[in-house]
Structures are given as structure tokens and as C-alpha cells.
Amino acid sequence: MKDITTEKLATLFPGMESALKEAILAEGHVKSVKEGELLVSSGQYIKSAMLVIDGLVKISREDEDGKEFLMYYLEPGSACALSLLCAARSEKSAISAKAVSDVTIITVPFVLTETWQTRYRTWHEFVVATYRKRFEELLITLDSVAFKSMDERLVFYLKRQMKVSGKLLAISHQEIANDLSTAREVVSRLLKKLEQSGAIVLSRNHIEIINLDKIFD
């Protein structure tokens, strides 16, 4: 598999046994996706598991009008739990997956992953761990929506963005509003308040995080 070695897989997926990593290299398919492109569309049938090798992928839920709600991100060394589930059940995807940056993934057809469940103990463990991690992330997101005010949700969102992208966020007010399912004017007003408090610095299509830790202390 071009440019991907067992050593790289060992770094990204340290819990996988050697035979499994060799199977991924031998039977998986490498796919490169440009920033902004869709890897998975809502309503699409998923027939392969998706392992992220490089880049960042945003997983979102869409309503009937096409509005998106951010669920979580996939980083290198992770897999899309919903793609695993939909592939296993031959169901349509209920989410969309978009490349936040240039992305490299390995796709593995479901017929293989089904066999791997019994052939490789560490694949089964990886799938279970992936389900658990994504479920925990969804609970955190649900708690944010159900129990926090919009300014608290915005700080939570910025902290999550900082975790995956660093302290300088290349993101517009409209993109944030889309992810939080609110109006751009609301986001702009709350961001200005955060800037006045010294928590962030705003510039055109960029937000520099200074200190968000003490906002609600």
C-alpha cells in the first residue's frame, strides 16, 4: 500500500496485532480526499469501514432542510463508528462526513471486516472501543445542547476546535453558526464578548484562542 507502512499503522493503531495491520495494508484501499470534499453523504449506503490515516474529518447530522449539526471529529488513528454500524447492517448513512483538511483514509469492505471480527481479536476490541468513544462524545454533545446556554455551548465548541486544530482557528462566524444551528449574528455577538473578556482575539476568518478556561469559573 503506497506510502503507508506497518510502522505508520503501528503508531496510529498501537493496539492492533501485526497480522491485522498486514491485512489492512494488503486488503484495504487508500483514498485521498481534498479539503471540503464529502467522504460520506447522508442517505448514502456504506459498504466499507473507514480508517483515518491523515487529516481531519467532520461528522455532522443533517435535517430535512440540509442544515448541519456538528457531532464530532475524526482524527488520525480513528474510525467512523457509524460507518462501521451502517456497513454491518447494510443501512443508509444518517450522517455526513466532510474533510476539514486534506485527508487520507483506508477503506476496508464490510465482507472483510465481518471476517476480521472472529479472525483478529484486536479488530473486535478496536471496533468496541470505537463505539464506546463515539458514544461518550455524543453524550457530551447532547449535554451541551440540552443543559448549556448558547454562550456556554460556544465556549465548549471553541475548546473542542482548539483540541483538534490548535489555538489559531481558521473558521468563519457563519461556519460556527452552522455547526451550532444558530444565527451568525448570535455567534458574532458572543464572540465579541469573549474578545472583550480577553479570552480570544478575532480577525478575518480566524480566531486566536487566548484563555477559555476561566470563562465560567
Side-chain angles (χ1 to χ4, degrees), residues 1-62 68 70-139 141 160-161 163-166:
M1 187 175 289
K2 185 179 179 181
D3 298 329
I4 300 177
T5 63
T6 53
E7 289 77 15
K8 185 175 182 65
L9 288 186
T11 300
L12 293 174
F13 306 98
M16 290 184 178
E17 60 202 276
S18 297
L20 173 56
K21 292 193 286 284
E22 292 172 1
I24 291 173
L25 291 176
E27 302 176 278
H29 303 281
V30 177
K31 182 177 181 180
S32 297
V33 182
K34 294 294 185 181
E35 177 182 344
E37 292 183 4
L38 283 174
L39 290 84
V40 176
S41 300
S42 181
Q44 170 186 340
Y45 280 103
I46 300 178
K47 299 180 180 179
S48 301
M50 183 173 68
L51 306 178
V52 181
I53 304 302
D54 291 303
L56 190 66
V57 178
K58 181 170 75 171
I59 304 298
S60 303
R61 181 90 162 106
E62 294 183 359
E68 293 184 354
L70 173 65
M71 297 174 67
Y72 52 79
Y73 290 97
L74 298 178
E75 302 173 77
S78 62
C80 180
L82 292 175
S83 73
L84 291 169
L85 185 62
C86 290
R89 295 183 175 182
S90 298
E91 293 178 344
K92 293 181 180 180
S93 172
I95 55 92
S96 63
K98 181 182 292 186
V100 177
S101 60
D102 289 350
V103 170
T104 301
I105 62 171
I106 296 177
T107 60
V108 181
F110 168 65
V111 290
L112 288 176
T113 61
E114 187 177 32
T115 301
W116 290 358
Q117 286 280 6
T118 54
R119 180 177 296 173
Y120 304 113
R121 175 182 55 81
T122 54
W123 176 257
H124 174 75
E125 293 173 349
F126 174 73
V127 170
V128 171
T130 296
Y131 287 152
R132 181 185 300 115
K133 181 177 181 180
R134 299 312 167 200
F135 179 71
E136 291 170 351
E137 288 178 332
L138 289 176
L139 284 181
T141 299
R160 186 161 63 170
Q161 291 284 330
K163 183 178 179 181
V164 298
S165 301

Checklist outcome for this item: Rounded to the nearest 0.5 angstrom, the CD1-OG distance for Ile95 and Ser60 is 8.5 Å
Next on the checklist: Can you tell me how far apart CG (Leu51) and OG (Ser78) are? Round to the nearest 0.5 Å.
Outcome noted: 8.5 Å
Checklist entry - Has the side chain of Thr141 got a donor or acceptor atom that lies under 3.5 Å from a matching backbone atom of Met71? => result yes
Checklist entry - Does any non-hydrogen side-chain atom of Glu75 lie less than 4.5 Å from one of Leu56? => result yes
Checklist entry - Side chain of Asp54, backbone of Val103: donor and acceptor closer than 3.5 Å? => result no
Checklist entry - CG of Leu39 to NZ of Lys58: how many Å apart, nearest 0.5 Å? => result 12.5 Å
Checklist entry - Angle class for the Tyr120/Trp116 ring planes (parallel below 30°, perpendicular above 60°, tilted otherwise)? => result perpendicular
Please output the side-chain donor-acceptor pairs of residues 9-18 that fall under 3.5 Å, not counting sequence neighbours, one pair per line with the distance.
from  : atom 1 : to     : atom 2 : distance (Å)
Thr11 : OG1    : Glu7   : O      : 3.1
Glu17 : OE2    : Arg121 : N      : 3.4
Glu17 : OE2    : Thr122 : N      : 3.1
Glu17 : OE2    : Thr122 : OG1    : 2.7

Checklist entry - Which heavy atom of Gly36 sits nearest a heavy atom of Lys98, and at what distance? => result O-CG, 3.8 Å
Item to check | Close side-chain approach of Ile24 and Leu20, heavy atoms under 4.5 Å | outcome: yes
Checklist outcome for this item: When every non-hydrogen atom of Gly77 is compared with those of Phe126, the smallest separation belongs to O-CE1, 4.3 Å
Checklist entry - Closest approach of Thr115 and Val111, non-hydrogen atoms and distance? => result OG1-O, 3.1 Å
Checklist entry - Which value, rounded to the nearest 0.5 Å, describes the distance between Ile59 atom CD1 and Glu137 atom CD? => result 10.0 Å
Next on the checklist: If I take atom CD1 from residue Ile53 and atom OG from residue Ser32, how far apart are they, to the nearest 0.5 angstrom?
Outcome noted: 10.5 Å
Checklist entry - At their closest point, which heavy atom of Pro109 faces which heavy atom of Ser48, and how far apart are they? => result CA-OG, 3.7 Å
Next on the checklist: Restricting to non-hydrogen atoms, name the atom on Gly55 and the atom on Ser101 that form the minimum distance, rounded to 0.1 Å.
Outcome noted: CA-OG, 3.4 Å
Item to check | Heavy-atom pair of closest approach, residues Arg134 and Ala81 | outcome: CG-CB, 3.5 Å
Item to check | Spacing of Leu74 atom CG and Cys80 atom SG [to the nearest 0.5 Å] | outcome: 5.5 Å
Next on the checklist: Quick check with a 6.0 Å cut-off and a 45 degree axis cone: is Arg160 positioned over the face of Tyr73's six-membered ring?
Outcome noted: no
